[in-house]
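FYI, the numbering just counts along the sequence from 1. The model shown is predicted, which means the values in this text are computed figures rather than measured ones.
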Amino acid sequence: MRLYVLARHGESVLNQEGRVNGDPAVPGPLTEPGRENARLLGLELRGLPLDACVHTRFGRTLETARIALEGRGVPFIEDGLLDDVRVGELEGWTVDEYRDWKRDHVRADRFPGGESLDEAARRYATAYRNLLERPYERILVICHEIPIRYALNVAGGSEDLDRPVHAIPNALPFLFGDQALADAAARIELLAGEESRAR
């Protein structure tokens with residue numbers, strides 16, 4: 001069975017400040033606790049042979065990967081499809097302001113100048129399918145909270161991409177086999193499409 005290890009990046013300064021960030025050009029390095037998150041992730045994965053590490057275009061995911069895999073010689077692959085949600089004009093807003101905006105809108109509504117949550121979900125489904133096509137047996141994926149949340153919820157049989165799991169801890173590994181990841185991709189795409197059509 002092929003293995004996919006999904007982990008959120010370590011805590012970043014933007015996490016610490018409680019600000020949203022969907023633009024990979026905006027700096028958001030890890031905090032010292034975030035670097036420790038990454039070191040602990042590396043210890044957890046030390047005994048697991050890895051063929052590759054996929055990370056997003058955000059510096060915090062690459063920084064996490066470099067710390068966690070230091071000295072292991074694992075090749076790194078950048079994948080923008082797993083980037084955080086493109087929040088457009090909400091860039092830099094506080095998490096509370098972001099949540100207020102979301103309460104007044106549905107998943108199919110685009111963030112001003114950005115994408116909708118449904119569009120992001122379909123992007124994540126495509127990214128997961130692409131992972132399945134890569135020629136590796138064991139892949140570490142360092143990405144963001146939302147793509148992992150969606151995969152975990154649908155894998156557990158939920159009809160809600162955001163529930164029951166909502167908060168994803170930093171740098172905690174979640175394991176998927178190939179069939180589980182394929183099923184998650186299909187279910188994410190279906191739910192995002194259904195919610196869009198219901199709008």
Determine, using the 4.5 Å side-chain heavy-atom cutoff (strictly less than), whether [X] and [Y] are members of one ILVMFWY cluster.
X	Y	answer
Val165	Ile146	yes
Leu161	Phe176	yes
Ile148	Tyr150	yes
Leu152	Leu132	yes

Could you tell me whether [X] and [Y] have a side-chain N and a carboxylate O separated by less than 4.0 Å?
X	Y	result
Glu63	Arg66	no
Arg35	Glu70	no
Asp23	Arg86	no

side-chain hydrogen bond (donor to acceptor under 3.5 Å, both in side chains) with Glu11: which of Thr31, Asn37, Asn170?
->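 Running side-chain hydrogen bond (donor to acceptor under 3.5 Å, both in side chains) over Thr31, Asn37, Asn170 with Glu11 returns exactly one hit, Thr31.
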
Mind running side-chain contact (heavy atoms from CB on, under 4.5 Å) on Ile67 and Leu30 for me, showing each step along the way?
-> CA-CA 11 Å; Ile67 293 170; Leu30 300 185; 4.2 Å; yes

Check the pair Leu140 / Val54 against side-chain contact (heavy atoms from CB on, under 4.5 Å), numbers first and verdict last.
-> CA-CA 6 Å; Leu140 172 63; Val54 173; over 6 Å; no

ring-ring contact (aromatic ring centres under 6.0 Å, His included) partners for His166, two or more places apart =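 Not a single residue meets the ring-ring contact (aromatic ring centres under 6.0 Å, His included) criterion with His166.
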
Worked verdict on Asp84 versus Arg57 for salt bridge (charged side-chain N to carboxylate O under 4.0 Å, His left out) = CA-CA 9 Å; Asp84 219 337; Arg57 296 182 300 158; over 6 Å; no

4.5 Å side-chain heavy-atom contact, Thr126 and Asn130 |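 Yes; the side chains approach each other to less than 4.5 Å.
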
Among Thr56, Val5, Leu82, side chain to side chain contact (heavy atoms under 4.5 Å, CB included) partner for Val141 =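 Testing each of Thr56, Val5, Leu82 against Val141, the sole residue satisfying side chain to side chain contact (heavy atoms under 4.5 Å, CB included) is Leu82.
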
Rounded distance (nearest 0.5 Å) linking atom CD1 of Ile139 with atom CZ of Arg134 |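 The CD1 atom of Ile139 sits 7.0 Å away from the CZ atom of Arg134.
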
To the nearest 0.5 angstrom, please state how far the CG atom of Leu175 sits from the CE atom of Met1.
->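 Separation between the atoms: 8.5 Å.
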
Walk me through it: do Asn21 and Arg60 pass the test side chain to side chain donor-acceptor pair (under 3.5 Å)?
-> CA-CA 11 Å; Asn21 166 227; Arg60 55 187 176 267; 2.7 Å; yes

Passes side chain to side chain donor-acceptor pair (under 3.5 Å), Arg2 versus Tyr4? Steps please.
-> CA-CA 7 Å; Arg2 298 171 73 195; Tyr4 303 85; 3.1 Å; yes

Over 60° means perpendicular and under 30° means parallel, so classify the ring planes of His144 and His9, tilted if in between.
->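 Plane angle over 60°, so perpendicular.
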
Pick out which of Arg123, Arg107, Arg110 makes a salt bridge (Lys or Arg N to Asp or Glu O under 4.0 Å) with Glu115.
->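 Testing Glu115 for a salt bridge (Lys or Arg N to Asp or Glu O under 4.0 Å) against Arg123, Arg107, Arg110 leaves exactly one candidate, Arg123.
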
